[in-house]
Amino acid sequence: MVGSQLAAQPHIRLIEHWEGADSMTTATEGTAPPSPAGGEDVPLLRLRGVSKHFGPVNALTEVDLEIPAGQVTALAGDNGAGKSVMIKCISGIHPPDGGQMWWAGEPMHVHTPAEAATLGIETVYQDLALCDNLDIVQNMFLGRERMHRGQLNEESMENAARETLTSLAVTTVRSVRQAVASLSGGQRQSVAIAKAVLWNSKLVIMDEPTAALGVAQTAMVLALVRRLADRGHAVLIVSHNMNDVFEVADRIAVLRLGRMVAERPAVEMDRQIVVDLMTTGVSTRVAQPRPSAE
């Protein structure tokens, strides 16, 4: 299904590898390699040997990553680890120099954020990219306005914005016609996430979604992240906050100096293990069993 949808898009190429890659993973065209665990489930997004350099600087070196649907994957790493470059490669801003990516089992390569959005990849950056002088509806439909007989279809856009916020249980917003400038940090983050969900996204990438938020607003955003995964979305969250990571993540991937040093279920890690991996690339610790939620 995905392959036929991509083939219908002339601006999106299905490719077996990027030219100039030093190390490539061999795979049959249109078929992703088996998962390392040998399971039959195909992750929504899979990266194998993805590399990116800027002149002499190797920002990413042969990175592997799997992002399954219905789960929150946390991407951890110190400053300069390559987290931002990775999400920009996935979202179509930076073309990788080597490696492969698969979307729902089909090889893919996107050249622009618009092409990534066509597949269902939406990114919420730390600055949120919201316009303070516009209201919530205008922000959610900015650049994708609905028209009717040559005029803006305000009623349709307003109803869609309200329904999306309601479906995500965002109840703190007084009105969808409220100016973004009047919103709190948590409310702004909720609007940015709802904007991503509005466009039938399958993967929502969030860069430091709780940065500079208070305790109550952080709890609200993390609950929203959890609801996205529970609805079947794949979520990739970039965060330095280990409390947030272990509060919401199903899986944790750790980058160090452009290399993926670990990718495990969150229950197999703890905060110290992640810190060890971020700083040295290895950890001899064993995660202690967590108390039951019951």
Polar side-chain atom of [X] near backbone of [Y] as donor-acceptor pair, under 3.5 Å:
X	Y	value
Gln187	Leu183	no
Thr210	Leu213	no
Glu247	Val245	no
Gln71	Pro68	no
Asp270	Gln272	yes
Lys83	Asp78	yes
Arg146	Phe141	no
Asn139	Leu130	no
Asp97	His53	yes
Thr280	Leu277	no

Start with the C-alpha gap between Arg231 and Ser167, add the side-chain angles, then the distance that decides, and say whether side-chain hydrogen bond (donor to acceptor under 3.5 Å, both in side chains) holds.
CA-CA 10 Å; Arg231 285 175 40 155; Ser167 71; 2.9 Å; yes
Run the side-chain contact (heavy atoms from CB on, under 4.5 Å) check on Asp132 and Arg188 step by step: do they pass?
CA-CA 10 Å; Asp132 285 348; Arg188 288 173 184 241; 2.8 Å; yes
If you measure from [atom1] on [X] to [atom2] on [Y], what distance do you get to the nearest 0.5 Å?
X	Y	atom1	atom2	answer
Ile90	Leu65	CD1	CG	6.0 Å
Met206	Ser239	CE	OG	11.5 Å
Glu62	Leu47	CD	CG	13.0 Å
Asn241	Phe246	CG	CZ	11.0 Å
Glu208	Gln126	CD	CD	5.5 Å
Glu158	Leu152	CD	CG	12.5 Å

Side-chain heavy atoms nearer than 4.5 Å, only ILVMFWY residues, links allowed to pass through others: does that put [X] and [Y] together?
X	Y	answer
Ile93	Met86	yes
Met157	Met147	yes
Val173	Met220	no
Leu257	Val57	no
Leu198	Leu168	yes

Tell me, do [X] and [Y] make a side-chain contact under 4.5 Å, heavy atoms counted?
X	Y	result
Thr61	Asn58	yes
Ile252	Arg264	no
Leu60	Cys89	yes
Glu122	Pro113	no
Ile136	Leu165	yes
Ile121	Lys202	no
Thr218	Leu222	yes

Test applied, side chain to side chain contact (heavy atoms under 4.5 Å, CB included); reference residue, Met278; option that passes from Leu255, Val254, Ile273:
Val254
Could you go through Ile87 and Leu236, starting from their C-alpha distance and side-chain angles, then the distance that decides it, and tell me whether this counts as side-chain contact (heavy atoms from CB on, under 4.5 Å)?
CA-CA 9 Å; Ile87 64 176; Leu236 178 62; 4.1 Å; yes
Exercise: identify the closest heavy-atom pair between [X] and [Y]:
X	Y	result
Leu203	Val235	CD1-N, 4.3 Å
Ser184	Gln217	CB-NE2, 3.1 Å
Pro95	Lys52	O-NZ, 2.9 Å
Glu263	Asp64	OE1-O, 3.7 Å
Trp102	Pro107	CD1-N, 3.4 Å
Ala229	Val72	CB-CG2, 3.7 Å

For Arg226, I'd like to know if atom CZ has over 12 heavy atoms of other residues, nucleotides or ligands within 6.0 Å.
yes
List the steps, then state whether salt bridge (charged side-chain N to carboxylate O under 4.0 Å, His left out) holds for Arg46 with Glu106.
CA-CA 10 Å; Arg46 177 176 288 165; Glu106 298 287 347; over 6 Å; no
Please write out which residues are connected to Leu142 in a hydrophobic cluster, directly or through intermediates, given that two of Ile, Leu, Val, Met, Phe, Trp, Tyr count as joined at side-chain heavy-atom separations below 4.5 angstrom.
Leu134
In plain terms, say whether Asp276 and Arg271 are close enough for a salt bridge, that is, a side-chain N and a carboxylate O under 4.0 Å apart.
no
Could you check Leu45 against Met108 for side-chain contact (heavy atoms from CB on, under 4.5 Å), going step by step and ending with a plain yes or no?
CA-CA 10 Å; Leu45 179 66; Met108 76 154 193; 3.6 Å; yes
Decide yes or no on side-chain hydrogen bond (donor to acceptor under 3.5 Å, both in side chains) for Ser91 and Tyr125, but give the supporting numbers first.
CA-CA 11 Å; Ser91 59; Tyr125 292 100; 3.2 Å; yes
Could you walk me through whether Arg177 and Gln138 pass side-chain contact (heavy atoms from CB on, under 4.5 Å), step by step?
CA-CA 8 Å; Arg177 286 302 181 183; Gln138 292 168 328; 4.2 Å; yes
Go through the steps for His240 and Asn79 under the test side-chain hydrogen bond (donor to acceptor under 3.5 Å, both in side chains), then give the verdict.
CA-CA 9 Å; His240 286 91; Asn79 292 335; 3.3 Å; yes
Check against salt bridge (charged side-chain N to carboxylate O under 4.0 Å, His left out), Arg285 and Glu268
CA-CA 10 Å; Arg285 285 176 52 86; Glu268 297 180 7; over 6 Å; no
The complete set of side chain to side chain donor-acceptor pair (under 3.5 Å) pairs with one or both residues in residues 191-201, sequence neighbours excluded, reads none
